[in-house]
Amino acid sequence: MPTASVREVLGGELAVGTEVLVQGWVRTRRDSKAGFSFIHINDGSCFANLQLVADKDLPNYEAGILRLTSGASVSCRGTVVESKGRGQTVEIQALDIDIPGLVEDPDHYPIQPKQHSYEFLRSVAHLRPRTNTFGAVTRIRHAAARAIHEFFDTNGYFWVNTPIITASDAEGAGQLFRVSTLDLMNLPRTDQGQVDFGKDFFSRETFLTVSGQLNVEAFCLAMSKVYTFGPTFRAENSNTARHLAEFWMVEPEVAFADLDDLATLAEDFLKFVFQRVLERCPDDMAFFAEAVEPTAISRLESLVDSRFERMDYGEAIKILQASGKKFEFRPDWGVDLQTEHERFLTEQHCKAPVVVMNYPDEIKAFYMRLNDDGKTVAAMDVLAPGIGEIIGGSQREERLGLLTQRMKHHGLDEHDYSWFLDLRRYGTVPHAGFGLGFERLLNYITGLSNIRDVIPYPRTPGSAPF
RNA sequence: UCCAGCGUGGCUCAAUGGUAGAGCGGGUGACUGUUAAUCACUAGGUUGUAGGUUCGAAUCCUACCGCUGGAGCCA
């Protein structure tokens, strides 16, 4: 007897009369005194549940089926039949139902067929995949990841797996997780009393990566179009709805490209991913539109057809100053945009994602390319309503002299970056790239407002419970 | 890290100094090709932890723990 997923049965892939094996977990059970029970099961394959009809003459009806509660697992051999009730076209008339696992202590089983708070669901991260919401998140996360690879593949990019363990801090900004096998209770010391990292596993200090950019630039200057997609770690003590200590980042890097090319890439990229998710997860998106964010679908659809607003940082400052809005921090040329400024631009002024370009060099990282005006760098941020910065990128400084000058200005030692500088010594070219926070993208797609609700096991300061 | 708020049955919440309640979920029963079914009955809580004030504390005070929202930093 063939096995079928709930999605296959409900999708009409099996003719009425076919005998199949379906397996999943109980969502609800209703009994009829006429002598049968309705059991809705879900196996994660799609949003909808499949209805099993179990007659009372099944051998384990009293002892097993009537004890099924939410969360129990079932393995059902049955016949695909047209449903006599409303609400579904087909259902399974059970021939027998095996129960691998009942729910022990059902009055304490945390997941009920009702609305739970997101906060509570985070406390049961091992059981929340069984909810409508997290099932939908999981499928959309998969669809988005697949769309990302598909976009780059069809556009001639190569996926490069940059190292998770690194010895350099890409942003020059500290806050890394240390990787060490030294015995913390008995650290080796140098003659000067410092910790002797020469005795550590890699014979030097090492950390978890905060960005694959520097490493992927080397491949960019050989393969032309490359990208990374992998986990990223930041030990920043930031406790907000848009920060994780462990998150996934997508970083394309393109040779012979400038900032405008990069902004176009970001726009094409986002549109492609939105379109694919809308195509491939209509039921899940319908759920988010109904239960979370009413405009979840319509705003993605309108974005796919629109052209992203682009503005210079200087222009953005002028718009903010002319807005007449009372901001807590006054917008002024030379200081970075505050969250309240970004929100105004994207939620009120543009009511759509907006690309802000060409920031003052003082507030941006050392590797960004100095513009001809001598005071701005070719950096860009894509800001999204409700999320803030979803993409941050720049054209890279490809001129050796200017790059070393900027490094010195940022207090970085050239010797720590000699391999990176080699890329400017040997056949340098203009190139550009950006970093996209994958979870922030998912927040935008689903309308969920907390980043902890779009990653399977969120890691945040003071919290890594599962 | 800073500011604010919140911790009451399995879950969502009520009770603002005077005997801790409801809905959902669980159990039992009734009823129905049912749709997070419906109806009745029932079990379930030393109110986050430790102190303090008071005749009396879920309620007021202190500390700690946890969570949430906002800020900074960023993706």
Output yes when a side-chain donor or acceptor of A:His341 lies under 3.5 Å from a complementary backbone atom of A:Phe329, and no otherwise.
-> yes
Give a yes/no answer on whether the side chain of A:Ser117 brings an N or O atom under 4.0 Å of OP1 or OP2 in B:U12.
-> yes
Cation-pi geometry met for A:Arg299 and A:Tyr444 (6.0 Å, 45°) | yes
Residue A:His409 excluded, over 12 heavy atoms near NE2 under 6.0 Å = no
Cation-aromatic face contact A:Lys364/A:Tyr359, 6.0 Å, 45 degrees = yes
Using nucleotides 47-50 of chain B, report all nitrogen or oxygen pairs with the protein that are shorter than 3.5 Å.
none

Closer than 4.0 Å, any side-chain N/O of A:Asn239 to the OP1 or OP2 of B:C73?
-> no
With P as the reference atom in both, quote the distance from B:G25 to B:C39 in angstrom, rounded to an integer.
-> 10 Å
Please tell me which of A:Glu91 and A:His116 maps to the more 5' nucleotide of RNA chain B, matching each residue to the nucleotide holding its nearest heavy atom.
-> A:His116
Minimum-distance nucleotide (side-chain atoms of A:Arg452 versus B:C73, B:G33, B:G69) | B:G69
Each base of RNA chain B marked ( ) or [ ] if paired in-strand (Watson-Crick or G-U under 3.5 Å), | if paired to another strand and . if unpaired gives (((((((..((((....[..)))).(((((.......))))).....(((((..]....))))))))))))....
Nearest to the side chain of A:Thr339 - B:A71, B:U34, B:G69?
-> B:A71
Can you give me the N/O atom pairs linking the protein to nucleotides 25-32 of chain B at distances under 3.5 Å, or say none if there are none?
from	atom 1	to	atom 2	distance (Å)
B:G25	O4'	A:Gln112	OE1	3.2
B:U32	N3	A:Asp31	O	3.1
B:U32	O4	A:Asp31	O	2.0
B:U32	O4	A:Ser32	N	3.0
B:U32	O4	A:Lys33	N	2.9

If you look at every strand shown and take non-hydrogen atoms under 4.0 Å, does A:Glu439 touch a base, only sugar-phosphate, or nothing?
-> nothing
Note, A:Phe38 side chain near A:Arg29 side chain (heavy atom, < 4.5 Å) = no
Within the side chain of A:Ser394, is there an N or O that forms a donor-acceptor pair under 3.5 Å with the backbone of A:Arg396?
-> no
